[in-house]
J.: 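Let me give you the structure first, and then I'll get to my questions.
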Amino acid sequence: MNYWLMKSEPDTFSIDDLKRKKREAWDGVRNYQARNFMRDGMRVGDGVLFYHSNCAEPGIAGLAEVASDAYPDPSQFDPKSQYFDPGSSRDNPRWMLVDVKFVKKLKRTITLDELKNHSAVAGMTLLRKGNRLSVMPVEAGDWKYILGLE
DNA sequence: GCCAACGTTGGC
DNA sequence: GCCAACGTTGGC
C-alpha cells in the first residue's frame with residue numbers, strides 16, 4: 001500500500017465535488033512524471049491526500065483512495081476538450097489516469113502554511129521549493145503524521 | 001496580478 | 001544535444 005498527494009484547484013474540482021460524485025476519473029494530467037506515478041506506482045486501495053491548490057487556503061482538504069488501475073485518459077482523444085492532445089493516438093496513448101474515490105473530508109483544511117511549521121514533514125515533496133507536480137508520492141510516516149494533525 | 005520555478009518546444 | 005523562448009503552475 002502506497003500513499004499519494006493529488007492537487008486540484010477547488011474552483012475546478014474540490015473535495016466537496018468528490019464527496020458529491022463519490023468517484024472521479026482524474027483527467028487532465030499532462031506532466032510525464034505525474035503520469036508515471038499514476039501509471040506505474042498506483043494500486044487500487046492506495047491512500048490519497050486531496051490537496052487544494054491555487055486558492056485562498058492551499059492545503060490538504062480531504063482523503064481519497066485510488067479506485068482503478070491506470071487507463072488511457074479519454075480527454076486526450078477529444079478535440080473539443082481543453083486536454084486534447086493531437087500528438088496522442090488510441091493505439092499508443094500518451095496520457096493515463098486513475099479513478100479516485102471519496103473517503104472523507106477533513107474537519108479542517110491542514111494548510112500548506114501549517115505543514116511548513118512541522119519539521120517532521122519538512123522532507124515532503126510537496127514542500128520542496130519550486131515543486132509543481134500535481135501527483136506525487138507521500139511517505140507512510142508523513143501520511144500518519146499529517147492525519148494526526150487534523 | 002505578479003513572478004519564481006520549472007517543463008516543453010524548436011531552431012540550430 | 002544545447003539552450004533560449006515560451007507556457008504553466010501555484011504561492012503570495
Side-chain angles (χ1 to χ4, degrees), chain A residues 2-21 24-42 46-67 70-139 141-143 145-150:
Chain A
N2 288 309
Y3 300 100
W4 308 93
L5 182 146
M6 298 172 90
K7 292 179 183 173
S8 183
E9 301 192 12
D11 289 348
T12 305
F13 191 80
S14 72
I15 188 69
D16 292 318
D17 293 322
L18 185 62
K19 183 176 185 179
R20 183 167 41 79
K21 296 184 70 177
E24 183 75 357
W26 204 265
D27 66 358
V29 171
R30 294 295 180 269
N31 170 283
Y32 289 103
Q33 217 181 337
R35 176 205 67 183
N36 293 349
F37 286 134
M38 289 198 287
R39 186 188 62 187
D40 307 329
M42 287 189 178
D46 280 0
V48 175
L49 298 174
F50 192 108
Y51 180 90
H52 282 171
S53 68
N54 202 14
C55 56
E57 195 179 44
I60 296 158
L63 303 182
E65 192 177 299
V66 176
Y71 61 95
D73 180 343
S75 66
Q76 72 194 302
F77 307 125
D78 177 4
K80 293 190 294 294
S81 168
Q82 61 168 319
Y83 301 123
F84 178 60
D85 182 351
S88 185
S89 70
R90 289 181 188 276
D91 289 343
N92 188 19
R94 181 177 290 170
W95 305 110
M96 306 289 280
L97 55 69
V98 296
D99 290 350
V100 160
K101 74 177 184 189
F102 178 78
V103 173
K104 66 180 276 198
K105 182 178 178 177
L106 297 187
K107 296 187 202 72
R108 63 183 189 89
T109 295
I110 299 170
T111 64
L112 176 64
D113 197 46
E114 179 180 355
L115 290 174
K116 286 177 178 170
N117 290 324
H118 287 269
S119 57
V121 296
M124 284 184 78
T125 304
L126 177 71
L127 300 179
R128 271 214 316 263
K129 187 175 181 181
N131 166 61
R132 281 170 36 192
L133 273 177
S134 61
V135 177
M136 68 189 82
V138 173
E139 288 176 22
D142 292 336
W143 170 276
Y145 185 87
I146 288 168
L147 295 195
L149 294 176
E150 185 184 357

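Note that the structure is predicted; figures quoted are calculated from it, not measured.
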J.: For A/E57 and C/dG10, what is the distance between atoms CD and C1' respectively, to the nearest whole Å?
T.: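 Going from CD in A/E57 over to C1' in C/dG10 covers 16 Å.
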J.: According to side-chain hydrogen bond (donor to acceptor under 3.5 Å, both in side chains), does anything in residues 47-61 of chain A pair up with another residue at least two apart or in another chain? List the pairs.
T.: A/E9-A/N54
J.: Between P on C/dT9 and NZ on A/K7, what's the gap in Å once rounded to a whole number?
T.: 10 Å
J.: Considering residues, nucleotides and ligands other than A/E114, do more than 12 of their heavy atoms fall under 6.0 Å from its CD?
T.: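 Correct, the count exceeds 12.
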J.: Return the value, rounded to whole Å, for the distance between atom CG of A/L127 and atom P of C/dG10.
T.: 14 Å
J.: Taking NZ, NE, NH1 and NH2 as the nitrogens, is one of them in A/D73 or A/R30 under 4.0 Å from a carboxylate oxygen of the other?
T.: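 Yes, A/D73 and A/R30 are salt-bridged.
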J.: Over how many whole Å does the gap from A/L115 atom CG to C/dG11 atom P extend?
T.: 12 Å
J.: To the nearest Å, give me how far apart CE (A/M124) and P (C/dG11) are.
T.: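 Those two atoms, CE and P, are 13 Å apart.
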J.: Classify every nucleotide of nucleotides 1-7 of chain B by which part a protein heavy atom approaches to under 4.0 Å, writing B for the base, S for the sugar-phosphate alone and - for neither, in 5'-to-3' order.
T.: ----BBS
J.: It should be established whether A/K116 places a side-chain nitrogen or oxygen under 4.0 Å from OP1 or OP2 of nucleotide C/dC12.
T.: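 Checking C/dC12 against A/K116, a side-chain N or O does come within under 4.0 Å of OP1 or OP2.
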J.: Give me each pair satisfying salt bridge (Lys or Arg N to Asp or Glu O under 4.0 Å) with a member in residues 85-97 of chain A, each pair once, sequence neighbours excluded.
T.: A/D85-A/R94
J.: So, A/T111 versus A/D113: side-chain donor-acceptor pair below 3.5 Å or not?
T.: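 No pair is found: no donor N or O on one side chain lies under 3.5 Å from an acceptor on the other.
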J.: A/L126 near the nucleic acid: base, sugar-phosphate alone, or nothing, with a heavy-atom cut-off under 4.0 Å?
T.: nothing
J.: Which one of A/W4, A/F50, A/F37 satisfies the ring-ring contact (aromatic ring centres under 6.0 Å, His included) criterion with A/W26?
T.: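 So, applying the ring-ring contact (aromatic ring centres under 6.0 Å, His included) to A/W26 and each of A/W4, A/F50, A/F37, only A/F50 qualifies.
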